[in-house]
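For ligands, and for the atoms within them, numbers begin at 1 and follow the listed sequence.
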Amino acid sequence: AGPCDIYSSGGTPCVAAHSTTRALYSSYTGALYQVKRGSDSTTTNISPLSAGGVANAATQDTFCSGTTCLITIIYDQSGRGNHLTQAPPGGFQGPEANGYDNLASATGAPVTLNGQKAYGVFVSPGTGYRNNAASGIATGDAAEGMYSVLDGTHYNSGCCFDYGNAETSSTDTGNGHMEAIYFGTSSAWGTGSGSGPWLMADLENGLFSGVSSGLNSGDPTITSRFFTAVVKGGPNLWALRGGNAASGSLSTYYSGVRPTASGYNPMKKEGAIILGIGGDNSVSAQGTWYEGVMTSGYPSDATENSVQANIVAAKYATTSLTSGTALTAGSKISLRATTSSSNTRYLTHTGSTVDTQVVTSSSATALKQQASWTVRAGLGNSACFSFESVDTAGSYIRHNNFALLVNANDNSKQFKEDATFCPQSGISGTGSSIRSWNYPTRYIRHYNNVGYIASNGGVHTWDSATLFNDDVSWVISSSFA
Ligand code: AHR
Ligand code: AHR
């Protein structure tokens, strides 16, 4: 059985079932999600390998070979057509044209399920999906349940990495107009014990960790790589539950009456569905999401415990974030541009600016050093890499507002993540392409001889699709200095 077969047996059927990694009903053979590739803007659907099975990631890999891919639709497996697509602007605008949110990279969150490769949804700040015309999702004070499987190590303090029930207008229509899973370290409303990240319920104008606003110490800091998050709510009753999605059972962090703060009893749920954003399209949060559902009716703890056993049996596990030319921490490299007009230029820095310059074996030592980088384990994720300047020890290539800079490591979470890159086989077919860890739609690119993290088409000049594949493909060699 799949999670939605279990909810159905429990009398609380799924009214939305979303996953890019697997089918959530044992009989489901339809499309899980749609990807769009950069080369020709065509799309294809990714379906399970077999009924009830893991996504056919090989279909995606073949379709996206030699280009980039974005996740355009996350299909609803419940039959209700509650698909998730690129979120529109609301109280806040997204970064794309006309205020839409960004779509997620199709390759930012690789995992395995029972040894088979699949891809999750890597939400960078700016990324969001939504359905403002969903059918069958709880409204008013009606009861519902929901769960999501998340990456417990990918989060921030922005508002709001959510999955669940939100406003149909994409605007903040008041307390009690949402009921969604939140995961992260926002401390603007509620907090749990320790320093987070925490599971909280986003009930609009408030992330709740328990019955009161602010600290509820029964809500623990989450430390597992894969995390099952559960929120459910009905008339003057709600609960927060969670557990390691790769082993063991769920714990109840809160179960009881509605928050004491005013406006949350009765609830005024509207029945739209969000992923990666707040109810008013707040787009500052990050996280990684693999699967989740919404139910009609208040699921029993026993039903949720069976769903957790099903998730554990799916055996979520990590897999490599890199490919192509292997890098070794401690080694020193130089990176040569491959675009035909620039293929004697190397990635260099001039002060804090990252640029490209022509470098040869007879260049001055100072220039050779500017073109040389020490490979370090990724400051923000040790499965990827950071690049320390050879002539300015302690300073690393990082992005800021999508421009590359060489800055001193200030040890902040933001710096470390901005300075983490995951190399892969060159998108052009030559060399390596170096993906930003926290913005995996973006790669290190030279544009007018300046360094950026660029997406394949987008709102910045340096996102131009012209020459994108060549501009993001670099030949890695041992260093000049
Ligand atoms: O409740 C927290 C957030 O507050 C909601 O997600 C958003 O709509 C509002 O800004
Ligand atoms: O470069 C994109 C983002 O811009 C970085 O993550 C952050 O440091 C800055 O706000």
Under 3.5 Å: N or O atoms of ligand 1 paired with protein N or O:
from, atom 1, to, atom 2, distance (Å)
ligand 1, 1 (O), Asp202, OD1, 2.6
ligand 1, 1 (O), Asn205, N, 2.8
ligand 1, 1 (O), Gly206, N, 2.9
ligand 1, 4 (O), Glu204, OE1, 3.1
ligand 1, 6 (O), Asp202, OD2, 2.6
ligand 1, 6 (O), Gly279, N, 3.1
ligand 1, 8 (O), Glu204, OE1, 2.9
ligand 1, 8 (O), Glu204, OE2, 2.8
ligand 1, 8 (O), Gly279, N, 3.2
ligand 1, 8 (O), Asp280, N, 2.9
ligand 1, 8 (O), Asp280, OD1, 3.2
ligand 1, 8 (O), Asp280, OD2, 3.4
ligand 1, 10 (O), Asp280, OD2, 2.6

By salt bridge (charged side-chain N to carboxylate O under 4.0 Å, His left out) - contacts of Asp301 (at least two apart): Lys232, Arg241
For Ser8, all residues meeting side-chain contact (heavy atoms from CB on, under 4.5 Å), sequence neighbours excluded: Pro13
Test item: side-chain donor near acceptor, Asp172 and Asn205, under 3.5 Å: yes
Tyr396 six-ring centre to Arg376 NZ/CZ under 6.0 Å and within 45° of normal: no
Pair Asn381-His154, side-chain donor/acceptor within less than 3.5 Å: no
By side-chain contact (heavy atoms from CB on, under 4.5 Å) - contacts of Ser320 (at least two apart): Thr322
